[in-house]
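To keep things clear, I will list the structure first and then write my remarks on it.
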There are 2 protein chains.
Amino acid sequence: MKQDRPGKQDRPGKAKGPAEAASKRQSFSKKTAVGIREVAAAAGVSPATVSQVFNHKGEASAATRERVLSVGDRLGYRPNPVGQALRSGRSRVIGVVVSYRESAVWQQTYMPYYQSIIAGAAIEAVDHGYSISAAPSTEDGEIETRLPLDGVIVVDPIPNDPVVEQCMARGLAVVIDGGYSPATDGARMVSVRADVAQGIPTVLDHLWDQHVARAHGNAGNKQGESGGEASDQSGENRPFRPALFTGPRLDSYTTDTTNAYQSWCEMRGLEPIVATLGHDQPPLDAARALLARGPRELNAVHCLNETYCSAATAAAAELGLAIPTDLQISVAGSAYSVGSEERAAYLNLDPVASGALCARSLIELLEGRPVEDHLEPMVLVPARRVDFGA
Amino acid sequence: MKQDRPGKQDRPGKAKGPAEAASKRQSFSKKTAVGIREVAAAAGVSPATVSQVFNHKGEASAATRERVLSVGDRLGYRPNPVGQALRSGRSRVIGVVVSYRESAVWQQTYMPYYQSIIAGAAIEAVDHGYSISAAPSTEDGEIETRLPLDGVIVVDPIPNDPVVEQCMARGLAVVIDGGYSPATDGARMVSVRADVAQGIPTVLDHLWDQHVARAHGNAGNKQGESGGEASDQSGENRPFRPALFTGPRLDSYTTDTTNAYQSWCEMRGLEPIVATLGHDQPPLDAARALLARGPRELNAVHCLNETYCSAATAAAAELGLAIPTDLQISVAGSAYSVGSEERAAYLNLDPVASGALCARSLIELLEGRPVEDHLEPMVLVPARRVDFGA
DNA sequence: CTGAAAGCGCTAACAT
DNA sequence: ATGTTAGCGCTTTCAG
């Protein structure tokens, strides 16, 4: 059917003979990976058909499909993603925006979380033919990457975060991990967050239960009484005095946590004690200051994240406070990771799973399927160990 | 054959006037982001000139350069990286290969390190106009990504790692974090590693010094005596008995550590005690088994990484061993991160810095500049705290 | 159901 | 010094 070689080699236009062109092709194929045209030629079809087959895009006879596929496989054909991207306008790359350049404390606190998000997103993305790129952002919200991103995952943005605003302005699909305000309509945006409003009351009630149980002499490995009822017995020996150890960032996670804590205190008739880390203050300093109040004034503390929890346990050790006898600790974080603090009660968070969920949501969005916001329940994991040597 | 088909060869060049081309261009600009041709038209030059100016590639009069730049800026022109990649054959994307799918224990142990590598590499890469993509790999060494990678960073490969082999077979530039064997010549490969052979003796000598100093009654906050000289005083009260707590992976870091430990023991005339974690054994179990020997048989332990260190401290707590009185602990890891164990001596490792270094090395390699292997010295950070409540 | 044609945005090699 | 030309590898109308 095609008397001489199909494809580009007779493109040269001007004056080239076919033989000449063919040899040029040869010399390419040594260096270049096998392209769609090689496959097409070998299978006796046109490049268009090959493309069509490889993209599952519909109409080809079973025989042709089979042949193309097997030839492609034999030749080791891998569609060049750059060509695809150029032609289709979609790169199948998802950026995870990371704001590494903030303060040292911020880095120490949030970077581990970020990194797990990236890990989870990377795995999930690859399962759908997407890739993850870690994209730092500048202070003014510009995403620094040369990659053409189809969509973006932004972790814990602050209200009116410049990164988010820029993405929306550019029409990029965005998944927010942690929630975002102000809500913008018409934007391709989904949010994935932990249900702090449910988790915080749960853990605080749990701590209270434990406190009361211990006051009654049982060492406190029973749990499960309904939390709300414990309140009337609290005054017995020492009143329950739970604090919140939180941070200076105004992202949704932090503000939601603080609000949930405040309203729980109000509901239970307790006075809130909130320690907010200063902007460049070492967590350990803040923890020392907080716990210096002593076990009479403060006998439980919920920590915003694991960094603060580490600081709290370290400060407790310095001050000779036994956990949980003198001080109960709870924290939102990964209960089952190796470095977890087994004396603390956890509101379990799985950042790797969150990353995967973010990626999945974003991909759904990109492929035009309807996506809902996600609100992940936070599961309570009671403390699994008590202080030794106490 | 080409004359009968007026097909593609009358494409742009031959017969079209510039005006015609320009008007066609216009219709594009409505939908697409501003392209090189818009800028060219607006600045009254050719696309080639614009490209040339934006790529700092040499020859353009100052006036033209100025004009092109300002027009480009005004129009918000951003060169499309896909076009650049397609044309140049280089994507400016670096993959960090991650093998997430291994065992749970492995994940817990190595993932944090991986993630820091990604973070450091991402920052560094962006400063050089590159991007980082997290690329999972399958068991047989296939890198799962749709992105065309210019080069790859592989973290802690095992000997003959299929990922590394495949990359070399494909002619990809590779940076090995942690070292690789067998060495392959002719491959574009660089390795970046910590100088374990220097670090291990340093920390072991340090532990010994501390041991001796404590035996002599000084609580041991002095350090700096030459390590080698301490040996002759060791038999006094209790002999110094340092163990190595290591893992089942056969990467260079692990084998180098084990070798350094063994030869140090030999040199100092001590009997080596090596605990190697089983393939799917929880670190805490292994730590319990090791420390169960009691303080007479074993009074110091060097841990391969921070996961093992956590396990060792937890096991020590369970067994009522005071740190460092009954058991000294040392570990290779990030001494200054928030979660660090202050009772342990650290051989300091900064994985974020390593990631940056890997990226920088790879970029040098990609840009054809000569690159040397890096051997990072490991700095000793003595324990900063002793057990409270002991 | 298949193929030919027309580029996506950019740049290297040649013209001018 | 600047412009022209010819594609990089692929997909996507549009004809057959």
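Lettering follows sequence order; numbering is per chain, from 1. The shown structure was predicted, so the numbers you read here are calculated from the model rather than taken from an experiment.
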Under 3.5 Å donor-acceptor pairs involving side-chain atoms of residues 74-85 of chain B, not counting sequence neighbours:
residue : atom : partner : partner atom : Å
B/N80   : OD1  : B/V82   : N            : 2.6
B/N80   : OD1  : B/G83   : N            : 3.4

Length of the line joining [X]:[atom1] and [N]:[atom2], which is rounded to integer Å:
X: A/R90; N: C/dG9; atom1: CZ; atom2: C1'; result: 18 Å
X: A/R37; N: D/dT11; atom1: CZ; atom2: C1'; result: 12 Å
X: A/N80; N: D/dC10; atom1: CG; atom2: P; result: 5 Å
X: A/F54; N: D/dT11; atom1: CZ; atom2: P; result: 10 Å
X: B/R92; N: C/dC10; atom1: CZ; atom2: P; result: 15 Å
X: B/R87; N: C/dG7; atom1: CZ; atom2: P; result: 18 Å
X: A/L86; N: D/dT11; atom1: CG; atom2: P; result: 11 Å
X: A/Q52; N: C/dC1; atom1: CD; atom2: C1'; result: 9 Å

For DNA chain D, whose closest nucleotide is more 5', that of A/Q84 or that of B/T64?
B/T64

Ignoring backbone atoms, test whether A/S88 places a side-chain nitrogen or oxygen under 4.0 Å from the OP1 or OP2 oxygen of D/dT11.
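For A/S88, the contact criterion (side-chain N or O under 4.0 Å from OP1 or OP2 of D/dT11) is not met.
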
Does a side-chain N or O from A/S46 land closer than 4.0 Å to OP1 or OP2 of C/dG3, or not?
yes

For residues [X] and [Y], report the shortest heavy-atom separation together with the two atoms involved.
X: A/L365; Y: A/V174; answer: CD2-O, 4.0 Å
X: A/L172; Y: A/D150; answer: CD2-O, 3.5 Å
X: A/V93; Y: A/Y130; answer: N-CD2, 4.3 Å

B/R170 CZ: over 12 foreign heavy atoms closer than 6.0 Å
no

Is the number of heavy atoms from other residues, nucleotides or ligands under 6.0 Å of B/E372 CD greater than 12?
no

[X] has a side chain; which of [options] sits nearest to it?
X: A/S51; options: D/dC10, D/dA6, D/dT11; result: D/dT11
X: A/P79; options: D/dC10, D/dT12, C/dT11; result: D/dC10
X: B/A48; options: D/dT4, C/dG9, D/dT12; result: D/dT4

If I take atom OG from residue A/S91 and atom CG from residue B/L147, how far apart are they, to the nearest 0.5 angstrom?
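One finds 7.5 Å between OG of A/S91 and CG of B/L147.
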
In residues 67-78 of chain A, which residues come under 4.0 Å of DNA chain C by heavy atom?
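The answer is none.
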
